[in-house]
There are 2 protein chains.
Amino acid sequence: MRTTRQREAILRVVRSADSHPTADAVYDAVRKEIPGISLGTVYRNLKLLAEAGEVMAMENAGCSSRFDGCTEVHHHFRCEVCGRVFDVADMLGSDIDRVVEAQTGFEVRGHCLEFRGVCASCGEVSGRE
Amino acid sequence: MRTTRQREAILRVVRSADSHPTADAVYDAVRKEIPGISLGTVYRNLKLLAEAGEVMAMENAGCSSRFDGCTEVHHHFRCEVCGRVFDVADMLGSDIDRVVEAQTGFEVRGHCLEFRGVCASCGEVSGRE
DNA sequence: TTAGGTGCAAAACCTTTGCCATCCC
DNA sequence: GGGATGGCAAAGGTTTTGCACCTAA
């Protein structure tokens, strides 16, 4: 991966941001330094940097919202191969929310936990991934 | 909330789905029963049903992807009021992945955990929410 | 009767992509 | 020099919205 002025600036912005900026926020910040940069470049580089492990993409898991008929507390497992989502029984309870409240001082109302990996049928097919 | 043919069908589809359908998948399924239903109606109803607690929306947290300069394992806290995202130190380790592997038989590669609630500054302001 | 819901289509977003010029190595 | 990268603008996909008509209560 080549080093360009744009890429360096984008990386610097994301690294130094106290918040967790959206692509658009990164764009705004970088434009202060490189007014002519384009939004497309920001997207391209964020993607590349995330793939290279230089920054982390907070996953919206790459796809559109999904809905779940089960309103009980439970978690999800998303297959990275086929994209399907499976339910996983809760095993944390709300104790963990209290832990985070103590740690942050914020009012914690809940959490969601998503596992990712390869589901049984995709594991069989590829076998060696 | 009024009971309409469309709304009933949408609820039934989401409730009985084994998967976690996207809005579009719900649209497809409902159209088998009500060919004339519109995608807009599906979106509207999914949103209403989620607000009413009848179904669950798997959160993409209602906004665009965010990026994080910290590549260490950690979790997030999202303030439901201001939308800001804060880091939370990891307290689970990867043991939990092993638990889910045993439970599901799937290959678990990782997880992400997001807490939601009200952050300190928003809590101060409203005080009584 | 009438407030709320529907269908339709356009608009609003967010993100990706194609193309050509430009720049790093 | 040559391939990777950037700028620009158009396209793509998802979700929302305005409006006129319809329907459950």
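Because the structure is a prediction, the values reported are computed rather than measured. Letters A, B, ... are given to chains in the order of the sequence lines, protein chains preceding strands, and every chain is numbered from 1.
Within the structure, a side-chain polar atom (N or O) of A:Thr3 is placed less than 4.0 Å from OP1 or OP2 of C:dC25. Under 4.0 angstrom from either OP1 or OP2 of C:dT6 there lies no side-chain N or O belonging to B:Thr41. At the phosphate of D:dG6, OP1 or OP2 sits under 4.0 Å from a side-chain N or O atom of A:Asn45. A close approach under 4.0 Å does not occur between any side-chain nitrogen or oxygen of B:Arg44 and OP1 or OP2 of C:dG7. Regarding contacts with the backbone of D:dG7, a side-chain N or O of A:Gln6 is found under 4.0 angstrom from either OP1 or OP2.
If you take CZ of B:Arg5 and C1' of C:dG4, they are 17 Å apart, rounded to a whole angstrom. Protein atom OH of A:Tyr43 is 16 Å distant from nucleotide atom P of D:dG6, rounded to whole Å. One atom, OH of B:Tyr27, and another, P of D:dT16, lie 16 Å apart when rounded to the nearest Å. Note: CD (A:Glu51) to P (D:dT5) measures 12 Å, nearest angstrom. Atom CD in A:Glu33 sits about 15 Å away from atom C1' in D:dG6, given to the nearest Å. Here D:dT5 presents its C1' atom at 9 Å from CG of A:Leu48, a figure rounded to the nearest Å. Protein atom NZ of B:Lys47 is 7 Å distant from nucleotide atom C1' of D:dT16, rounded to whole Å. Regarding A:Leu46, its CG atom lies at a distance of 15 Å from the C1' atom of D:dT5, rounded to whole Å.
For the pair B:Gly40 and B:Met1, both in contact range of DNA chain D, the more 5′-proximal nearest nucleotide belongs to B:Gly40.
The two residues A:Val108 and B:Phe77 come nearest to each other via the heavy atoms CG2-CE1, 3.9 Å.
Although no hydrogens or angles enter the test, the distance criterion places no donor-acceptor pair under 3.5 Å between the side chain of B:Ser94 and the main chain of B:Asp97.
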**OP:** Would you sort out whether B:Asp95 and B:Arg98 count as a salt bridge (charged side-chain N to carboxylate O under 4.0 Å, His left out), showing the intermediate values?
**Re:** CA-CA 5 Å; B:Asp95 291 351; B:Arg98 302 293 83 76; over 6 Å; no
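Among the heavy atoms of the strands lying under 4.0 Å from A:Leu39 is at least one base atom, whether or not backbone atoms are also near. Residue-level contact check: B:Asp24 touches neither bases nor backbone, having no heavy atom under 4.0 Å from any strand.
When distances run from any side-chain atom of A:Arg2 to the nucleotides D:dT5, D:dT15, D:dA25, the shortest one goes to D:dT5. Residue B:Ala23 places its side chain closer to D:dT15 than to any other of C:dC25, D:dT16, D:dT15. With C:dC25, C:dC8, D:dG6 as the choices, the nucleotide that has an atom nearest any side-chain atom of A:Thr4 turns out to be D:dG6. Closest approach to the A:Ile37 side chain among D:dT16, D:dG7, C:dT16 is made by D:dG7 (side chain taken as heavy atoms from C-beta onward).
Put simply, B:Val55 and B:Tyr43 are part of the same group of oily side chains (I, L, V, M, F, W, Y) that touch within less than 4.5 Å, one to the next.
Remark: aromatic rings of B:Phe106 and A:Phe86 are close, center separation under 6.0 Å.
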